[in-house]
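Note on naming: letters A, B, ... go to the chains in the order of the sequence lines (proteins, then strands), and numbering restarts at 1 for each one.
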Amino acid sequence: MKKVFIGIFIIAFTLMFLIAMSNSISLFTYNESLPETNVSNDYIHKSVTKDSEEIIFNETKDAETGSANIVTSIVVNYRSFDTLGEVTVLFLSAMGVMLLIGSSDLFMKRKKSGFILRTAAKILFPVLLVVGTYIFTHGHLGSGGGFPGGTMIASSFLLLYLADEKFVAKIEQFKTLLGSAGTLYILIGLTGLLVGGYFLQNFLPTGTVGNLLSSGIIPVVYISIGLKVGSEVTLIISSFLKEEVTS
Amino acid sequence: MNNPVLLIIIPLLLAFVSVIIKKAGKWILLLGVLINTVLAFFITTGETIIGGFLPPAGINLVVTQFTLVGVILINSLMLLTIIMSIDLVGKYSVILLTALAGINGMLLTGDLFNLFIFMEITVIAAYILSAQAKKYHHTITYLIIGSVGSTFYLLGIILLYHLTGSLNMADVAAKLPLLTTKELLVPILLIFIGIGVEVKLLPVSGWVKGVYAHANRLIAPLFASIIAGTALFVFGKLFVSVLPLSDTLTMLILVMSVMTFVFGEFAAFKQKQVKEILLFSSIGQAGLITALFISGLVYAAVILIISNVVSKLIMFTIAGAFTEKYQTDNYHSLSGVFVHNKITGIAFTIAALSMTGIPLLIGFYAKLNILIGFFHAGNYVLPVIVLLMTIVEGAYIIKLLLALWAPGKEGQVSLESFAVEKKQLLSVKNTAICLIVALVLIVGGTLIDTTSKIVTNGQPLLGDESPYFIISQSKGGE
Amino acid sequence: MTVMNFVYGFIILLAAFIFQTTITGFNRKVTARIQKRYGPRWYQQFLDIFKALRKSSITHGWIFDFGVIMALGGIMATVIFIPVAGFEAFPNMDNVYIISYLLAIGMLGMAMSAAGSGNPWASIGVSRALTNMLAYDIPLMIVIFTLIFAFDTASVSEIAAMQQGMGILGWNAIRMPLGGIVAFIALFGMLGKKPFDSFIAPAEIASGPMVEYGGKHLGFMFILHELMTFIEVSLILNLFFGGGSSILVYAIKYAILYTLVNIISQVMPRYKIDQAVKFFYRVPLVFAIIQGLVVIFLGWGVSVWF
Amino acid sequence: MIRLASLLLLLIGLYGVLTTKNVIKMIISINIMELGVNIFIISVGFITNGVAPNLTEHIDSSLSNFVDPLPQALVLTSIVIGLGITSLGLAFARKMNKKYGTYDLTMIGGMKDE
Amino acid sequence: MTFITVLITLLALSVVTYLVSLINNKLGAYFTIVTSLVTLLLLFLLKNSIGQLASISLFTFKLTTVGWYFSMVMVVVYFTSAFLNPFWMKKMIYPAAYNLFYLVSLIGTIGMFFARDFITLFIFWETVVWTSTFIIQMGKSRKSSYVYYVVSAIGSMVTLFAMMLVYQVSGTLEISVAFNALTGQPVLALIVFFTFLLAGLSKIGIFPFHVWLPMAHGSAPHTFSPVLSGGLVKMGAFIAYISVSAFAAYEAFSSSFTIMGIPAPIYIIMVLGAISIVVGTVMAIRQDDAKKLLAYSSVANGGYILIGILLFDQLAFAGGMLHLVSHAIASATAFITIAIVAHRTGTTKMSKLGGMIHKMPITYTVYLIAIISMAGIPPMGGFVSKWLILQGLADHGLLFIAAAAFFGSIGSFMYVFRPLSAVFLGQLAPKHENVKEASIMMQIPMYLLTIATLLIGVFPKIILKVIAGIQAEAGIQEIVMVGNTIVVANGVLDTFRVFVVFGYGFLIALVIFILRRKSRRVTLMDTYTSAEFVHTPELLHYSSNFYAPFERLTKKPYPVLNLYEKVSIKIKEIGHMAESLFSSPKPAVTIFWIIIVFAIFFLGGVL
C-alpha cells in the first residue's frame, strides 16, 4: 500500500515540477542562435579583453587564449579558478577515501584472473597510457583534456589490478605525484599573479591558434591536472582494494 | 600583498605541500590558519579579478564590508578552534586546510558557479570530518541530503544562467529584476533549498542532530560556529543583494524561517543532552537570522551572527570536553561539574547568558537591534515571537546552568560533596582562551559604539538603511 | 495633650468600668431569670473581680505576665478614646480605624500570654479567637467603610452627632437597614456571645485562652473583658444607634442594647468555628456588600429624610 | 525534448532516494539525479544545427554557428564532483557495513546513538 | 559628590570584596557590611543634589527624590541583612561569588532607581534578575531559582517590548519624555500600559505572577531572603510608580470608561492587587514553613503597595509609599529573626520548633515588634500606612478593594501570630535545650530595624516629609502634616498621642499588677491538662496545622504554579513533535519535506 501512495505522490509532484520548470524554460523548443546578452559570445570570439570579431584557425596569432578548443579555453583560462576548485574537490575526496579505508597497508586477497584478461592487459596497458597522455597533452586542440586523460591513466592501472592479483600500485609515489602536480598548478597561478598582476594569468605567449605549442599555460596546466586526476583516481581504486582496518 | 585570493590559495598550497611532506601535518595546519588570520586583517573592500578577464566572463572576488566582517570573524574563529583542539587534529590536517580554503572561497567569490564549487569543497570536508565520530549512518544521511541539496542548487544556477546569460552575481543581480516573478520562482526556490541545507533551515535540517550530537571537541565548534557562520553569511549575500524576492515569496520564506526559529527553540527546550540543546538552539537562531536577512535587517543579523557564532564556539568546545572527560553530556548526570573547574564554568556561563540576551553582553545588543529594526519596518508580530522565544531560550539555558553549577537534589543546600567526581575539563591553555573569548562578548556588549564602528565603519551593510542602536542617538536632549 | 486630658481619660476609664460591671451584674440576673432562677446580687460581678485580684496566682514566665499587662494597657487606651455622648478625653482622636486596630493590641497581648502559658487549650482558644475575628470583622468593616464614605468622616463622635435630631428615624440602623442588621450580628461575634463563643467554650477547651489564669491574672482578664464589652457596644451604639445626646440617654440605650444582645444569646446554640466563618461569609457579607453598593451608587440612606 | 527527458531522469533519481532503504541504492539514485542534471545543463546550451565549439581545419572561423561552450565547461566540473561524492559515499557505505553489518539505514536507526 | 562617583566606589568595593572573600570568606562577608554601610552614607549625602543629571558610556541617570527614597529603603535592607552574611559563609557552595552577587545586585537596584532612559533601567533591572537567580540557587532548591528566572524573564521581556514600542513611537528613550508621545493613540497607550507594567507586577508578586515568590523566598539562602522580600519586591513598586507618574496613566485613560471613578485599566490592575492580597493571606495562613509564610505575606503586602501607588492621590499614594518602607523594614526584621532561629536550630519548620523565647528572649521581642508593624497594629509603622491606604480607599469609595484590604489586615493578625506562638512561645523541646541567644553581630541589625519601626510608627513625619516631596515632584496634592498629626479629608491621626495614651494605659495596668501579691513561678509543663498526664514537651506544644478549621475551609485553591507547568509540558510536546518530524536518521524524511516545501512554494508562487 505504501508503494502505491508514494507512486501517486511522485507522479503528482513530477507534473507540478514540470509545469513549474516550463515557466522559466521552454521544454521543447531551442533557440537558433546564441542570444547577444549571453557571455559565451566573448568566449567564442575570444573578445573578453582584446576585441576581435573573428578567430581563424591556424592564422590568428597571440589571441587572448590561443586554444582552438573553446571549452578548454573556458575551463583552463577564462574560468580556471573553477577548475582549481574542481581539482581540490577530487583531491579532497581522494584524501577522504584514503583516510577512511586506505589506512591499512595490506591488500585484500584477489582471485587469479583468467588467462585472456592477463595477456590482454599486458598489451592494452601501454596503449591506454599513450592514449591518455595524448588526450591531456592535446587538450587545447581537440576535445578532451586533463580530466578524461587522467581517468584513462587510472583505468589502465585498474586494468592491471584486475589482471594481476599480486599487482600493488606504489601508493607513496602516487601521493607525491599528486601533491607536486597540485603545487605546480598553484605555482603557475602565483607566477601569473607576480608577473601579470592577476592570479592564474596567462603570462606565456599564446602563439597561433591550432598548433601544438600555441596557447600559453593551458597545456602545462592540463598536463598537471591530468597527472593529478590520474593519481587521485588510482589511489581511490587502490584504497577500495585495501583490507578493512578495525580501528 | 593584501590580495584576497591569497586567503584561498595559501591553505590550498599548504594542503598539497603537506601531502608531499607527509609528516608534521599539524604545524602546517597551524601555520596556514595563522597566515590566513593575519591576512584577513589586511584585505580591503573592493573587487579582484582572477585570470585577468573582466567579470561577466571571468571570475572575480568581491569584498564588501559585509564579507570583510565575515572573513575576519570566520578566520579568527578557525584559528581559535585549531589552537584549542590541536591535539585532536591528527590525520585531519589536510582536510581542515582544504575546508579553510573552501570556507574563504565561499565568503569571497562573486560568481554563482564558483560559489557552488567552494560550497562543495566545504561540504565534502564536512562529510569527512563528521565521519570521525564513527556514526557512519548519520554521515551518510548528511551526505545524501547534502548532495540532493547541492544538485538542486546547481539546477537553480543553471536556470538563472539560462534566463540571464551570465554567472556573475553582480551581473545576474542587474538582469533579474527585468524578468517576471513567474519565471524567477523556480530558480530562487531551488537555490533556497540548496542553501537551506547548509543553513540548517527546518525542513532540510534532518541531518543536524545526528552529526552535531556526536562531534568531538574539535569538530563540534567547527560545524556549529564556522561552517554555520559561513553558510549564514552566504545566505545573506545571496538573498539580500542578488535574488529579488516577490512579496509572496518573501512571506513564504519568512514563515518558514520563523517556523524553524520556533520549533528549534521548542525542541531545544525538551532536550536533556547539552550538545542537543545547543544544536537545536543553533537551528532556532539560524531561523531567526534568515528571517532578519529576508526582512532586510542586515546589521541586526550580522550582530546576531557574531554573538551566536562566538558563544557557540565556547559552549560546543566545553560540551565536547564533557563527552571527552565524563563520557556523557546529559546535564543531570553532570550536576555540579563546574564546581571543580570554575573558570571554564564562568566562560560557559558568560557565553550562555549572552545567548539569552542578558544586558551588557553582545546578545542583548543584538536583541535590541532586532526589536528596533522590526519596529522601524512596521512589523509588530515578529518582535513578539522573538521575545517569547527569548523567554523559552532563557528557561532552558538557566535550567542547564543551574544543573551544572549547583549539585544536590531538590530541597537540599548544594554542597561540594554532591558534585560529580573531580576532573580537569579543559587544559589551562584552552580555559584561558575560552575566558578571553568570553570577555570579548562582554566588551562587545558594553562598548556598543566601538562595536558598531568596527562592524560597519560607516557604510550601511549590503545597503540596509534601517537604524541601529547607537548611544549618542539615544541620549536625548542633554 | 494637657494633664486634664489624662484626668478625663481616667474618669472615663473608671466610669466605663463601673457602669459596665453593673450592667453585667444586672444581665447575670436577666440570664438567670431566663433559666428560671433568681441569679446573684447585682454587684456580684464587682465581688468576683476584687476577690480574684486578692488571691495569689501562679505565673509561667515573664511573657505570661507581660502579655496580660499589655492586653489591659491596650484596652484601657482604647476606652480612653471612646467618645461618650459627645464627651471625649482626647479631642478628634476617635477615628474608627484607630479604635478597631487598638483593640487588636489587647487581643494580641491576651493571645501572647495565653500561648506563653504553654497550655495547648490556650493556643487552640487563641487560634479560634483569631479565626472568629476574621469572620465577624469583614462584614462589619465593609459596613463601617460605607458609613465613612457616606458621611465623609471617620471620627465616631461626628457620625454619632449626624444621627441626632431626627429621633429614632435618624439612626443609621434605620437609614441603612441591612447595615444595621449586619452590625447587630457582628456585635454578637465581637462580644463572643453565645452563637460565636467557641473560642472561650468552657466545656470544649476549658474556657480557651483563660485556662491558665488564676488570682490577679484572672482579675485582669475580668476587667479586660468588661472594658472590651464597653468598647464594642459603645462603638456599635455610636455608629448605628445614634449615640446618646446626653449621658443619661446614652446609658439607657447602652443598657437596652446590651441586655437585648444578652437575652438573644442565651437561647442560641454554639457554632463550630468554621461554621461561624461560613455563617458570616454568607448572609451578613452579602447584606454588607448590597448595603455598600446601594449607598455608594444610589446614595440612599445618606440624606433620605431631609 | 531532451530537457524533458533529463528532468524525468532527475525525478527518477529523487524517487529512488525516497523509497530505498539500502545505502548503495541510494548512492546509485543520487548518481542518476546527477546524470539528469548534467544532461539538462548540456541541453541548456543546445543550439539547433549548431556546431561543436572547437576550431578545426574544417570549421576554421569563429563566426560559424557554435553551440554554447559554457555549459559544457560547467558539466565537466559537475561530473567530477559527482565522482567525488560517489566515491566518498561508497567508502562510508563500506565502513557502515563493516561496523553495523547491514546496508539498511532503518535497521541502524533502531540502535539510536549508542 | 556626583552619582557616578557613588556607583564607581560601590563597584570598586564590590570587586575588592570579591577578591578578599576569595582569600577568606568570613572577611569578605564583613566587607559586604562595610560596603553597604558606605553606600548608605554616600546615598544619604546625595540628598541635597536632587535633580542632578549624570551619564556614563551607555547609561544616563537623573537624581529624583523618588529614586533617592527607593534606594535608601533598599540600601537599609541590604545593610541590615548583610550582618548575617558572615555566619552563612560556611553553609554556601560559592561564598565568594555570593558576596560579589550580593553587592552587584545592590548596584543594580540603585542604578535602576536613578535611571533616566529605558535602556539603563532595563540593563540594571536584568543585572538584578540574573544576580539574584544565581544567589537563590545557592539555597535549598534549584527549581525555585529556575521558576524565579522564568517569571522575571516573562515580565522583563514584555516590558522590553513596551519600551521599544514607545521608543519607536516617540523617538526618544528618556522615560519622562517618551510617554508623552502616546497621548494621541488610546489603543497604543493601553497596550503599552499593560505590557510596561508587567515586569513590575511579576517582581512585586501580584496574583498571576506570585508563583515564584514563596518558592524563591522560602528556599533562598536564609541571609538573602530578607533582601529578596524586603528589598527586591520594591523594584516592582518603582515600575508601578513610573507607569502612574511618567506614563500619566490617569490622563492617558481619562477618555476610557471608569469603574467607581477609576479608569478601567488601572482598576483592573488594582483588582489584581486585591486578589493577590486575598490569595497571599489565605495561603500564608496555611503554611507550615515560617519563611514560606513570610513570603506569602510579602505577596499580600505587595498588593497593598500596588493599590496605594496606583491610586496616585494625596492619601492612598502616601499610604502606599509609607507601607513600602514599613513593610520593607518589618519583613526584613522578621526574616532576619527567622534566619537566626534557623541558624541556631537548623530548621524553619514551625511544627519542629517551639519555646524559643526561653532561650532567645531578645530575638523574640524584636520579632514581636516586627509582626506588630507587619499586621498594622497602632504603635508601629505598619498601622500608619494601612490607615492612610484605608482612608484613601474610603475617599474613592472602592468597596471591593477595601473589602480585600480589610481581609488582608485581619488575616495578617492570624498569619503573623502563627510563627509567634509556634516558634517562640509554648513548650521548649529538649533537643533545643542548648540553643544560645543570637550573637552580638546578629543583634545589631535587629536593634537598628526595631528602632526604625518604632520611629516610623510614632513619628511618621520624617518619612512623610520625603513622601510629600515626591508627591510635589509627581505633581499631585501633598500630604498635610500639622506638627505630628496627619490631617486628612475624613479624619486626623496623631500617632504620638496614640503612643502616649497606650503608655498611659500600660502604666495603669502595671501599677495594678505590682500592687497585687507576687505570683509563684511554675514551669511550663505544670499546666491544667484535665487529669491527662503528659510528660513530653513536644506533645504538649500546639504548633502544627495551627488554623486547622480555617484550612479545612479553604481547600487548596487552584494552584497557579501548575498552569506554568502545563505550559512547559506543552512546549516540550511541540519540541518532541518537531524533533521526531524533521530530524530522523532516514534521509527520505528530509527529501519528503523538500518536496512538500517545493509544492507549497510553487502553489503559493503561482497563485
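- The most heavy-atom pairs under 4.5 Å with chain A, out of B:Leu159, B:Leu185, B:Ile21, come from B:Leu159.
- Within the 4.5 angstrom heavy-atom criterion, only side-chain atoms of A:Phe91, from C-beta onward, approach chain B.
- Of all heavy-atom pairs between B:Ile28 and B:Ser18, the closest is CD1-CB, 3.6 Å.
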Inset, instruction - Quick one: do B:Leu112 and B:Val172 satisfy side chain to side chain contact (heavy atoms under 4.5 Å, CB included)? Show the steps, please. - result: CA-CA 9 Å; B:Leu112 282 174; B:Val172 164; 4.1 Å; yes
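- Only the side chain of A:Phe17 comes within contact range of chain B, with heavy atoms under 4.5 Å apart.
- Looking at B:Leu115, there are no atoms closer than 4.5 Å to chain A (heavy atoms on both sides), in backbone or side chain.
- Ranking B:Asn168, B:Ile50, B:Thr180 against chain A, the residue ahead of the rest is B:Ile50, based on heavy-atom pairs under 4.5 Å.
- Both the backbone and the side chain of B:Ala57 come within contact range of chain A, judged by heavy atoms closer than 4.5 Å.
- No donor-acceptor contact under 3.5 angstrom links the side chains of B:Tyr127 and B:Ser147, judged on distance only.
- Interface remark: A:Leu92 contributes backbone and side-chain atoms alike to the contact with chain B (heavy atom separation under 4.5 Å).
- Side-chain atoms of A:Thr83 come within 3.5 Å of backbone atoms of A:Val75 as a donor-acceptor pair (strictly under, hydrogens ignored).
- Using the six-membered ring where Trp is involved, A:Phe157 and A:Phe174 have ring planes that are perpendicular, over 60° apart on the 30 and 60° scheme.
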Legend entry - Check against ring-ring contact (aromatic ring centres under 6.0 Å, His included), B:Phe53 and A:Tyr43: CA-CA 11 Å; B:Phe53 302 102; A:Tyr43 293 139; 8.6 Å; no
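- Residue A:Leu177 does not touch chain B at all, counting heavy-atom pairs closer than 4.5 Å.
- For the set B:Thr98, B:Val19, B:Asn114, the entry with the most heavy-atom pairs within less than 4.5 Å of chain A is B:Asn114.
- Of the two parts of B:Phe116, neither the backbone nor the side chain holds a non-hydrogen atom closer than 4.5 Å to a non-hydrogen atom of chain A.
- Pairing each heavy atom of B:Gly105 with each of B:Ile8, the nearest pair is CA-CD1, 3.7 Å.
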Legend entry - Check against side chain to side chain contact (heavy atoms under 4.5 Å, CB included), A:Leu190 and B:Leu13: CA-CA 10 Å; A:Leu190 281 177; B:Leu13 185 64; 4.2 Å; yes
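- Of the listed residues A:Glu86, A:Arg79, A:Gln201, A:Lys175, the one with more heavy-atom pairs under 4.5 angstrom with chain B than any other is A:Arg79.
- Proximity to chain A is limited to the side chain of B:Leu155, based on heavy atoms less than 4.5 angstrom apart.
- Between the side chain of B:Lys237 and the backbone N or O of B:Leu107 there is at least one donor-acceptor pair closer than 3.5 Å.
- When heavy atoms are compared at a cutoff of 4.5 Å, B:Leu179 does not approach chain A at all.
- Ranked by heavy-atom pairs shorter than 4.5 Å toward chain A, the options B:Leu184, B:Val5, B:Ile20, B:Thr164 are led by B:Ile20.
- Residue with the most contacts toward chain B among A:Ile74, A:Leu84, A:Asp82, A:Val39: A:Asp82 (heavy-atom pairs, distance under 4.5 Å).
- Residue B:Ala101 does not touch chain A at all, counting heavy-atom pairs closer than 4.5 Å.
- The two atoms that bring B:Val197 and B:Gly146 nearest to each other are CG1-CA, 4.1 Å, heavy atoms only.
- Residue B:Leu163 touches chain A through its side chain alone, counting heavy-atom pairs closer than 4.5 Å.
- B:Thr109 places no side-chain N or O within donor-acceptor distance of the main-chain N or O of B:Met106, the cut-off being under 3.5 Å.
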